[in-house]
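As structure tokens, the structure follows; a few thoughts come after it.
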There are 2 protein chains.
Amino acid sequence: MPAIGDVARLAGVSKATASRALSGRGHVAADTRRRVQLAASEIGYIASPDAASLVTGRTKNIGVVIPFVNRWFFGAVLDGIERTLLAAGYDLTLYNLPVSGPERSRVFEFFLARKRVDAVIVIGVDLTPGEIGGLERREKPVVCIGGSGEVTARLTIDDHGVGALATSHLLHLGHTRIAHLAGVGATSQPASVAGLRAAGFLETTDAAGLPLLADESSAGGPGAILVEADMGMPAGFAAGLQLLGHPAHRPTAVFAASDEMAFGVIRAAERLGLSMPRDLSVIGVDGHEHAELFDLTTIEQSPTEQGRLAVEVALRMLGGEGGGGGAPDPLPDSGAPMPTRLVVRGSTARPAVA
Amino acid sequence: MPAIGDVARLAGVSKATASRALSGRGHVAADTRRRVQLAASEIGYIASPDAASLVTGRTKNIGVVIPFVNRWFFGAVLDGIERTLLAAGYDLTLYNLPVSGPERSRVFEFFLARKRVDAVIVIGVDLTPGEIGGLERREKPVVCIGGSGEVTARLTIDDHGVGALATSHLLHLGHTRIAHLAGVGATSQPASVAGLRAAGFLETTDAAGLPLLADESSAGGPGAILVEADMGMPAGFAAGLQLLGHPAHRPTAVFAASDEMAFGVIRAAERLGLSMPRDLSVIGVDGHEHAELFDLTTIEQSPTEQGRLAVEVALRMLGGEGGGGGAPDPLPDSGAPMPTRLVVRGSTARPAVA
DNA sequence: TTGAAAGCGTTACCAG
DNA sequence: CTGGTAACGCTTTCAA
């Protein structure tokens with residue numbers, strides 16, 4: 001493997017000059033630069049990032065912490081991050097965070113604690129104070145997308161507002177018995193994405209005068225039903241069967257906390273022979289790429305764009321200052337929530353009978 | 001940030017001893033080791049991997065090249081890789097490879113060419129000879145999962161056999177007008193996954209005496225129809241509408257090259273008012289986690305397991321020898337194909353009328 | 001504009 | 001079993 005010394009010798013200059021010519025830092029005669037670059041490409045020289053990191057303290061590598069790869073939202077965010085990072089010449093080191101357990105702390109206490117990444121982007125994780133403290137102590141910029149925890153830079157949509165909007169949409173259509181399929185932890189973690197969306201739902205139904213029913217088997221009539229489930233399609237399907245199975249208790253509308261859950265509910269409804277949207281209205285959240293295929297009304301967000309932006313923010317925090325300090329507001333729009341948009345499709349309509 | 005010198009000083013030993021005590025390499029008195037470890041944890045010392053890489057030549061980092069994150073198969077493989085790597089104390093650097101263009105060559109010629117990764121795992125990519133040559137020249141072990149290209153270590157299922165099996169299943173049920181929804185490149189890249197599955201289909205239908213029909217709008221009657229499309233659900237839906245839209249030309253069975261495509265076909269059939277499996281049988285490939293939900297007959301493979309195995313192979317190639325040389329057969333079972341399994345569900349049955 | 005030399009933090013060799 | 005010392009490959013002062 002050729003080192004910079006080889007390039008220097010071939011070009012007849014010192015290592016210092018070769019370094020300057022190739023990295024672009026510092027002045028070097030145009031002619032010399034060309035000679036060095038020629039020599040470098042001739043022997044196929046590529047700088048060792050490790051050696052460079054050692055002296056500069058920068059790794060040009062960003063750590064990404066993510067709980068699932070195989071959920072559309074997370075995959076899409078990852079995609080946006082990857083593209084942007086690649087274009088900026090950065091590497092992306094992936095940490096697939098187990099929900100909890102020793103593996104989780106190992107990620108924070110060992111992997112992220114080392115000097116291998118310049119900054120960390122955390123997607124959809126509810127960070128504990130201890131985890132945040134650990135990262136801050138190491139002066140690593142942290143950018144969060146969704147999730148919760150007292151961190152300086154967080155990109156997020158207005159999840160409470162999303163919950164309220166989805167619910168209002170159904171209420172305005174005339175539904176009076178509405179279920180919310182919330183994410184796991186909606187009640188135990190009020191600050192989480194699941195918790196905020198659920199809160200928006202509950203406040204809105206409450207304001208409309210709908211009583212909160214104990215569970216899905218409560219007697220018929222107006223009311224709000226809250227069920228927690230995993231945010232994926234299989235769990236949405238299972239919860240959907242449960243929720244819609246009993247004709248007398250069935251709600252006329254379901255607000256699912258994610259589009260994938262909503263897909264599951266739709267299939268459950270079909271399985272039960274319900275016709276949509278006559279017998280049931282369903283609304284989701286995300287703007288999943290399959291939403292159109294399922295004719296699903298949803299509240300869109302742009303995960304890819306959020307990923308792109310997270311990288312921009314991280315890079316800005318890195319560039320502006322050494323690390324954790326008082327960089328003035330790295331977030332766009334002073335940290336205002338990211339945009340969302342209600343997209344109405346065929347899965348929501350007025351209930352069949354009043 | 002504490003360095004190993006600080007630890008050594010605090011423990012009253014030399015840097016060399018401190019290094020040995022912490023890394024576990026070389027002998028050191030049990031008592032000394034404890035003292036060093038205590039000192040290290042006291043000041044929160046964590047070794048800099050960059051400095052270590054510089055001298056050992058090993059980065060404890062594996063590069064993963066993948067064309068999509070948001071396809072179930074790829075996400076599942078990635079998941080298996082991540083878990084295994086994490087357990088082994090390795091980092092995973094992700095390269096989301098654009099299908100082609102300058103970005104693609106940049107990944108190979110710049111990112112992977114540097115000394116930042118010890119080995120590369122490539123998932124579902126048709127590697128060009130140039131790309132393979134570049135990696136071999138840098139003596140980087142390469143492990144492929146699926147895809148094509150003349151590489152030493154490849155984990156793969158018997159895609160040709162899968163194509164044949166899926167087709168036989170339909171033939172044995174009595175279907176005589178069968179369409180194959182192949183992946184893009186099935187005809188132009190015969191060695192690709194899409195190409196092999198399509199070949200299995202064509203040979204099997206041919207052996208059964210079914211003529212290959214020009215396209216989906218060919219006149220009715222017995223025959224084999226081949227259509228290429230993207231392996232995702234939206235493309236499967238679109239192709240499904242096209243294929244099934246004309247009642248007179250409609251095949252009675254579809255073999256989709258992936259489960260996601262199959263899901264799309266199923267929804268297309270539903271949209272067209274077809275009843276399954278009475279009017280149409282559908283079989284897919286993958287063993288997608290939603291297959292049961294769609295009641296889809298499929299040929300299962302285990303991407304997560306393949307990911308785990310790929311890491312094992314890569315690590316073995318790394319451990320056994322310096323790098324590219326003559327390590328004897330790092331693949332399990334002498335490179336035999338990974339297992340697959342036909343899982344019959346409700347989406348396939350005898351055709352309604354003979 | 002260029003060169004010489006001093007590190008960056010670690011491991012590995014060679015004595016003791 | 002332990003300590004000194006020389007690397008690893010690069011960037012970056014500091015002089016020239």
Side-chain angles (χ1 to χ4, degrees), chain A residues 1-37 39-40 43-61 89 110 113-118 138-139 322, chain B residues 1-37 39-40 43-61 89 91 110 113-118 138-139 322-323:
Chain A
M1 270 248 144
I4 200 170
D6 303 324
V7 177
R9 199 170 322 116
L10 191 65
V13 297
S14 70
K15 296 193 324 186
T17 304
S19 171
R20 280 187 287 251
L22 294 171
S23 70
R25 268 182 294 274
H27 284 204
V28 51
D31 178 48
T32 313
R33 154 164 297 133
R34 259 192 300 278
R35 232 172 44 245
V36 173
Q37 285 171 332
I43 60 178
Y45 167 79
I46 298 179
S48 152
D50 291 357
S53 309
L54 204 53
V55 41
T56 60
R58 299 294 224 71
T59 61
K60 285 223 151 210
N61 187 18
F110 172 65
R114 301 168 307 164
K115 269 190 13 79
R116 195 157 236 180
V117 296
D118 291 336
R138 299 221 140 62
E139 309 203 331
Chain B
M1 272 249 144
I4 201 171
D6 304 323
V7 177
R9 201 171 319 117
L10 191 66
V13 296
S14 71
K15 295 195 323 186
T17 304
S19 171
R20 279 187 291 252
L22 294 171
S23 70
R25 267 183 294 274
H27 284 205
V28 53
D31 179 47
T32 313
R33 154 163 299 134
R34 259 191 300 280
R35 235 177 36 247
V36 173
Q37 284 171 335
I43 61 179
Y45 166 79
I46 297 178
S48 152
D50 290 358
S53 310
L54 202 52
V55 43
T56 61
R58 300 291 225 70
T59 61
K60 286 224 149 209
N61 187 18
D91 279 327
F110 173 66
R114 301 169 307 163
K115 268 188 17 79
R116 193 157 238 179
V117 296
D118 290 335
R138 299 221 141 63
E139 307 203 332

Distances under 3.5 Å between protein N/O atoms and the N/O atoms of nucleotides 11-13 of chain D, please, pair by pair.
from: D:dT11; atom 1: OP2; to: A:S19; atom 2: OG; distance (Å): 2.7
from: D:dT12; atom 1: OP2; to: A:R25; atom 2: NE; distance (Å): 3.3

> Starting at the 5' end of DNA chain D, which residue's closest nucleotide do you reach first, B:K115 or B:V13?
Replying inline: B:V13
> Are A:R138 and A:K115 close enough, and set up right, to give a side chain to side chain contact (heavy atoms under 4.5 Å, CB included), and what steps lead you there?
Replying inline: CA-CA 9 Å; A:R138 299 221 140 62; A:K115 269 190 13 79; over 6 Å; no
> Taking all non-hydrogen atoms of both residues, which atom of B:R114 and which atom of A:I46 are closest, and how far apart?
Replying inline: CG-CG2, 3.2 Å
> Rounded to the Å, how far apart are B:R58 CZ and D:dC8 P?
Replying inline: 18 Å
> Going 5' to 3' along DNA chain C, which nucleotides are the first and last within contact of chain A (any atom under 4.0 Å from a heavy atom)?
Replying inline: C:dT1 to C:dG9
> Which residues satisfy the side-chain hydrogen bond (donor to acceptor under 3.5 Å, both in side chains) test with A:R20, sequence neighbours excluded?
Replying inline: none
>> Under a 3.5 Å distance rule, please check whether B:D118 uses its side chain to pair with a backbone N or O of B:R58 as donor and acceptor.
In response: no
> If you look at every heavy atom in A:A21 and A:V28, which pair is closest and at what distance?
Replying inline: CA-CG1, 3.9 Å
> Is a donor on one side and an acceptor on the other found under 3.5 Å between the side chain of A:T59 and the backbone of A:R116?
Replying inline: yes
> Between atom CG in B:D31 and atom C1' in D:dT2, what is the gap in whole Å?
Replying inline: 14 Å
>> Could you report the tightest heavy-atom contact between B:P49 and B:S53, atom names first, then the distance?
In response: O-OG, 2.6 Å
> Taking C-beta and beyond as the side chain, do A:R33 and A:V36 meet within less than 4.5 Å on heavy atoms?
Replying inline: no
>> How many whole angstroms separate atom CG of B:L54 from atom P of D:dA6?
In response: 17 Å
>> Need one value for A:T32: base, sugar-phosphate or nothing, where a base atom within 4.0 Å counts as base even if backbone is also close, heavy atoms only.
In response: sugar-phosphate
